[in-house]
Every structure is written in C-alpha cells, then in structure tokens.
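Since the structure comes first, as structure tokens, the remarks are kept for the end.
Bear in mind that the values here come from a model prediction, so they are computed numbers and not experimental data.
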Amino acid sequence: GARTDQVEAAGPIGARVCEIHTVPYAHAFHPRGRDAEAPAVVREFETIRQAADAIRALGMRFNGGHALYYFNVQPVAALPGIRELHIGHAIVSRAVFVGMREAVREMKRLIREGADGART
C-alpha cells in the first residue's frame with residue numbers, strides 16, 4: 001500500500017525514525033460505532049500493521065499517532081516494536097472533564113494494557 005511504499009522510500013535516505021499516520025484508521029473506527037471488527041477498520045489497521053513491519057525490517061524506530069483516542073489506542077499500542085504514540089488532542093480534551101493528571105493516567109493505562117495484551 002501507499003504507506004509501505006513511503007516507508008520503503010524512507011529507509012534508503014537514512015531515516016532513523018518513521019511515524020505511522022493513524023488518522024485513516026481512527027476515522028474508520030469512530031463512525032462505525034467503535035467496532036474494531038468493521039471491515040473498513042480492519043483494512044486500515046492492516047495497512048498500519050504492514051507499514052510497521054516494513055519500518056522494523058528496515059531498522060527504523062517505529063512511532064505512531066494522530067487521531068488516536070481512548071477507544072482506539074489499544075490495538076495500535078499492541079503492535080510489536082512501537083516506541084512512541086503521539087496522542088495530544090484526546091488527552092487535552094479529556095482533561096477538560098477529569099483534569100490533566102487523570103486524563104494522562106487513563107491513557108497510560110490503556111496503552112499499557114494494549115502492550116501487555118500483545119505479549120500474552
């Protein structure tokens with residue numbers, strides 16, 4: 001797919017880090033009632049997974065983010081080798097209701113659960 005082509009182009013120019021843009025996955029996820037098994041969601045997640053595999057195969061650091069939030073972050077956090085998730089907007093938006101400390105605590109818990117689930 002297009003993301004894999006972009007990843008494969010980044011390797012030869014010496015990129016050390018590659019971040020997967022997760023907006024298409026997030027945009028497929030929300031309108032389908034947060035159904036992680038909806039065909040469009042599965043398709044977008046598979047694109048992310050393939051790009052992640054290519055990033056790791058080329059020896060680059062694998063990061064991801066953009067439009068991730070409390071209901072869709074765990075599958076991405078569970079991907080092998082992911083090093084960073086960039087999730088600013090969701091945390092700040094949640095903080096309006098529960099405060100920044102709690103918003104960060106909730107997101108960290110979800111990320112850890114996703115990563116732990118990938119190891120079991």
Side-chain angles (χ1 to χ4, degrees):
R3 290 190 195 144
T4 303
D5 293 345
Q6 293 166 356
V7 169
E8 290 171 358
I13 63 168
R16 296 187 327 223
V17 178
C18 193
E19 179 168 317
I20 300 295
H21 185 69
T22 56
V23 169
Y25 159 74
H27 284 185
F29 190 89
H30 188 71
R32 286 160 181 85
R34 301 176 181 160
D35 180 3
E37 296 178 13
V41 177
V42 171
R43 194 170 39 253
E44 289 298 338
F45 187 77
E46 180 60 18
T47 300
I48 291 171
R49 192 196 58 71
Q50 289 173 2
D53 289 348
I55 290 168
R56 289 192 325 276
L58 290 166
M60 291 184 282
R61 183 175 174 159
F62 164 38
N63 296 343
H66 306 288
L68 294 176
Y69 62 105
Y70 293 84
F71 298 100
N72 67 6
V73 71
Q74 286 187 316
V76 178
L79 288 168
I82 193 151
R83 300 281 300 273
E84 293 180 14
L85 289 169
H86 298 140
I87 313 167
H89 187 265
I91 293 171
V92 172
S93 296
R94 178 80 176 131
V96 169
F97 298 101
V98 300
M100 187 60 76
R101 185 179 308 264
E102 182 59 25
V104 170
R105 183 179 296 126
E106 290 173 9
M107 183 60 75
K108 284 174 69 174
R109 179 184 55 78
L110 291 168
I111 291 168
R112 282 189 191 114
E113 287 174 5
D116 289 346
R119 286 189 274 265
T120 57

What heavy-atom pair brings [X] and [Y] nearest, and what distance separates the two atoms?
{"X": "Ala103", "Y": "Tyr70", "result": "O-OH, 2.9 Å"}
{"X": "Val7", "Y": "Leu58", "result": "O-CD1, 3.6 Å"}
{"X": "Ala78", "Y": "Gly114", "result": "CB-O, 3.2 Å"}
{"X": "Gly11", "Y": "Met60", "result": "N-CE, 4.1 Å"}
{"X": "His21", "Y": "Pro24", "result": "O-CD, 3.6 Å"}
{"X": "Met107", "Y": "Ile91", "result": "CG-CD1, 3.9 Å"}

Query raised in the report: Between Glu19 and Arg61, is there a salt bridge with N-O shorter than 4.0 Å?
Result: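 So Arg61 does not pair with Glu19 through a salt bridge.
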*So, are Glu46 and Arg49 salt-bridged, with charged N and O less than 4.0 Å apart?*
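Answer for the salt bridge query: yes.
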With a 3.5 Å distance limit and no angle check, can you tell me whether Thr22 reaches the backbone of Gly64 through a side-chain donor-acceptor pair?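 Absent.
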*Return yes if some donor-acceptor pair links the side-chain N/O of Arg56 with the main-chain N/O of Pro80 below 3.5 Å, else return no.*
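Between the backbone of Pro80 and the side chain of Arg56 there is a qualifying donor-acceptor contact (under 3.5 Å).
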Atom NE2 of His89 with >12 non-hydrogen neighbours under 6.0 angstrom
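Atom NE2 in His89 is not packed in, count stays at 12 or less.
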What's the spacing between [X] [atom1] and [Y] [atom2] if we round to 0.5 Å?
{"X": "Arg109", "Y": "Glu102", "atom1": "CZ", "atom2": "CD", "result": "8.5 Å"}
{"X": "Gln74", "Y": "Leu79", "atom1": "CD", "atom2": "CG", "result": "12.5 Å"}
{"X": "Ile20", "Y": "Leu68", "atom1": "CD1", "atom2": "CG", "result": "11.5 Å"}
{"X": "Ile48", "Y": "Thr4", "atom1": "CD1", "atom2": "OG1", "result": "11.0 Å"}
{"X": "Phe45", "Y": "Asn72", "atom1": "CZ", "atom2": "CG", "result": "10.5 Å"}
{"X": "Lys108", "Y": "Ile111", "atom1": "NZ", "atom2": "CD1", "result": "9.0 Å"}

Under 4.5 Å between side-chain heavy atoms, hopping through other hydrophobics if needed: is there a path connecting [X] to [Y]?
{"X": "Val73", "Y": "Val92", "result": "yes"}
{"X": "Ile87", "Y": "Met100", "result": "yes"}
{"X": "Leu110", "Y": "Phe71", "result": "yes"}

Note to self: Taking the cut-offs as 6.0 angstrom to the six-membered ring centre and 45 degrees off its axis, would you call Arg83 and Phe62 a cation-pi pair?
What the structure shows: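 Not satisfied by the 6.0 Å and 45° rule.
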Give me the ring orientation class for Tyr69 and Phe29: parallel if the planes are under 30° apart, tilted from 30 to 60°, perpendicular past 60°.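 Judged by the thresholds at 30° and 60°, the geometry between Tyr69 and Phe29 is perpendicular.
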* Tell me, with the steps shown, if Val76 and Ile82 meet side chain to side chain contact (heavy atoms under 4.5 Å, CB included). => CA-CA 8 Å; Val76 178; Ile82 193 151; 3.9 Å; yes
Query raised in the report: Given His27 and Glu44, is the side chain to side chain donor-acceptor pair (under 3.5 Å) satisfied, shown in steps?
Result: CA-CA 9 Å; His27 284 185; Glu44 289 298 338; over 6 Å; no
